[in-house]
Amino acid sequence: MRAAGLVLLVLSGCATSQPFVFRPTEKANLTPDNSAVARYVVPRALPRGELFATSEGVVPTSADGKEGPALMVRITVFNVAGKGPWAIDIRDQLITLPGGVQVHASDVKTTAQGAPILAITPGERITMDLYFALPESQQTSAEIAGFNFIWQVSTDRQRAAGMVPFARFDPTAPAGSAATVTTVASATPF
């Protein structure tokens with residue numbers, strides 16, 4: 001029940017008008033509005049919290065005084081039962097694009113204080129929108145078949161990390177058609 005409530009919290013405001021959307025391809029939960037969010041326990045051994053990830057895809061942004069398209073990933077980190085605070089360093093979050101291109105977050109929007117390193121106290125959850133400036137060769141959702149979001153969180157016990165594979169999805173295609181989902185390898189970064 002708590003996970004369903006968090007899914008709705010994570011997805012609030014995630015509407016997009018682009019022709020393609022990106023969905024997590026594993027651990028994904030579909031919502032009534034046909035959006036998807038991935039849920040991971042943190043850390044995997046002896047879980048004490050959760051991480052949720054979703055994406056609005058390619059969005060216009062201005063980071064570091066430069067305007068251009070960026071890939072947006074929204075994450076929510078919930079320190080459910082840690083014995084102390086957790087930390088997430090924005091600079092450690094990255095995406096891998098087709099062709100092996102790795103991009104670190106160039107901007108973040110969050111209500112949490114202390115960026116680039118955010119503290120998450122026991123019982124607290126924080127949500128952040130991470131923006132990844134795109135290379136010249138991959139400026140639109142049509143040019144990106146999928147991507148991997150690689151996350152890292154320092155818990156009160158250990159450093160936890162994981163990868164969320166995302167695939168491009170055409171929401172206008174009939175369900176089950178070949179155009180619905182673009183398959184991407186999820187076992188290794190592109």
Side-chain angles (χ1 to χ4, degrees), residues 10-28 35-38 40 42 51-77 86-120 125-154 159-171 181-190:
V10 170
L11 289 174
S12 62
C14 278
T16 182
S17 61
Q18 59 189 342
F20 298 107
V21 295
F22 291 94
R23 286 186 176 167
T25 60
E26 64 181 33
K27 300 186 183 263
S35 297
V37 64
Y40 293 84
V42 180
L51 180 135
F52 297 88
T54 190
S55 177
E56 285 189 21
V58 178
V59 299
T61 188
S62 60
D64 301 328
K66 300 175 188 171
E67 291 191 26
L71 192 57
M72 183 273 209
V73 175
R74 175 171 290 154
I75 62 171
T76 298
V77 181
W86 292 3
I88 185 164
D89 190 332
I90 303 307
R91 300 165 295 193
D92 290 339
Q93 316 313 306
L94 64 102
I95 60 169
T96 57
L97 296 166
V101 177
Q102 291 188 341
V103 181
H104 288 269
S106 56
D107 195 16
V108 63
K109 290 191 170 88
T110 181
T111 57
Q113 301 297 312
I117 301 172
L118 305 174
I120 308 143
R125 91 177 52 119
I126 63 168
T127 298
M128 65 195 81
D129 293 345
L130 300 166
Y131 295 89
F132 302 88
L134 293 170
E136 290 290 322
S137 62
Q138 298 171 326
Q139 295 278 297
T140 68
S141 58
E143 297 169 319
I144 302 170
F147 66 93
N148 292 319
F149 169 62
I150 301 168
W151 56 268
Q152 295 182 46
V153 176
S154 295
R159 192 165 181 88
M163 181 178 71
V164 184
F166 284 84
R168 185 176 64 206
F169 171 79
D170 182 351
V181 175
T182 303
T183 306
V184 249
S186 64
T188 59
F190 298 99

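When all heavy atoms are compared, the tightest approach of I117 to A87 is CG2-CB, 4.1 Å. Shortest non-hydrogen contact noted between M163 and Y40 is O-OH, 3.5 Å. Minimum heavy-atom separation, P98 to G146: CD-O, 3.2 Å. Between A133 and V103, the shortest heavy-atom contact is O-CG1, 3.3 Å. Minimum interatomic distance between A167 and T25 (heavy atoms only, all atoms of both residues): CB-CG2, 3.3 Å.
Here the CG atom belonging to D92 is positioned 4.5 Å from the CD atom belonging to Q152, to the nearest 0.5 angstrom. Note that CG of D107 and OG1 of T61 are 5.5 Å apart. Values are rounded to the nearest 0.5 Å. Going from atom CG of L71 over to atom CG of L97 covers 6.5 Å, rounded to the nearest 0.5 Å. Remark: T127 OG1 to K109 NZ distance equals 15.0 Å, nearest 0.5 Å.
Residues E26 and P165 have side chains in contact (heavy-atom distance under 4.5 Å, counting atoms from C-beta outward). Side-chain contact between L51 and T76 is absent, with no heavy atoms from C-beta onward closer than 4.5 Å. Side-chain contact between L134 and I144 is present, with heavy atoms from C-beta onward closer than 4.5 Å. Looking at heavy atoms from C-beta onward, R125 lies out of side-chain contact with F52 at the 4.5 angstrom threshold. By the 4.5 Å heavy-atom criterion applied to side chains, D129 and V108 are not counted as neighbours. When side chains are defined from C-beta on, Q93 does not count as touching H104, because their heavy atoms never get closer than 4.5 Å. Counting heavy atoms from C-beta on, the side chains of F22 and T54 never come closer than 4.5 Å. A 4.5 Å side-chain heavy-atom check between I88 and I75 finds at least one atom pair inside the cut-off.
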Evaluation steps, side chain to side chain contact (heavy atoms under 4.5 Å, CB included), between L118 and Q113: CA-CA 7 Å; L118 305 174; Q113 301 297 312; over 6 Å; no

Kindly determine whether F132 and V73 satisfy side chain to side chain contact (heavy atoms under 4.5 Å, CB included), including the steps that lead there. CA-CA 8 Å; F132 302 88; V73 175; 3.9 Å; yes

Evaluate I150 against T96 for side chain to side chain contact (heavy atoms under 4.5 Å, CB included), listing each step before the verdict. CA-CA 8 Å; I150 301 168; T96 57; 3.9 Å; yes

Begin with the C-alpha distance, continue with both residues' side-chain angles, and end with the deciding distance and a verdict on side chain to side chain contact (heavy atoms under 4.5 Å, CB included) for F149 and L94. CA-CA 6 Å; F149 169 62; L94 64 102; over 6 Å; no

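In this view, T140 and E143 satisfy the side chain to side chain donor-acceptor pair (under 3.5 Å) rule, not counting sequence neighbours. Applying the side chain to side chain donor-acceptor pair (under 3.5 Å) rule to S154 yields the partners R159; only residues at least two apart in sequence or on another chain are considered.
Using a 30° and 60° split on the angle between ring planes, F147 and F166 fall in the parallel class, below 30°.
The main-chain N or O of M72 is found under 3.5 Å from a side-chain atom of S55 such that the two form a donor-acceptor pair.
Figure legend: cation-pi geometry between R23 and F169, with NZ or CZ positioned under 6.0 Å from the six-membered ring centre and within 45° of its axis.
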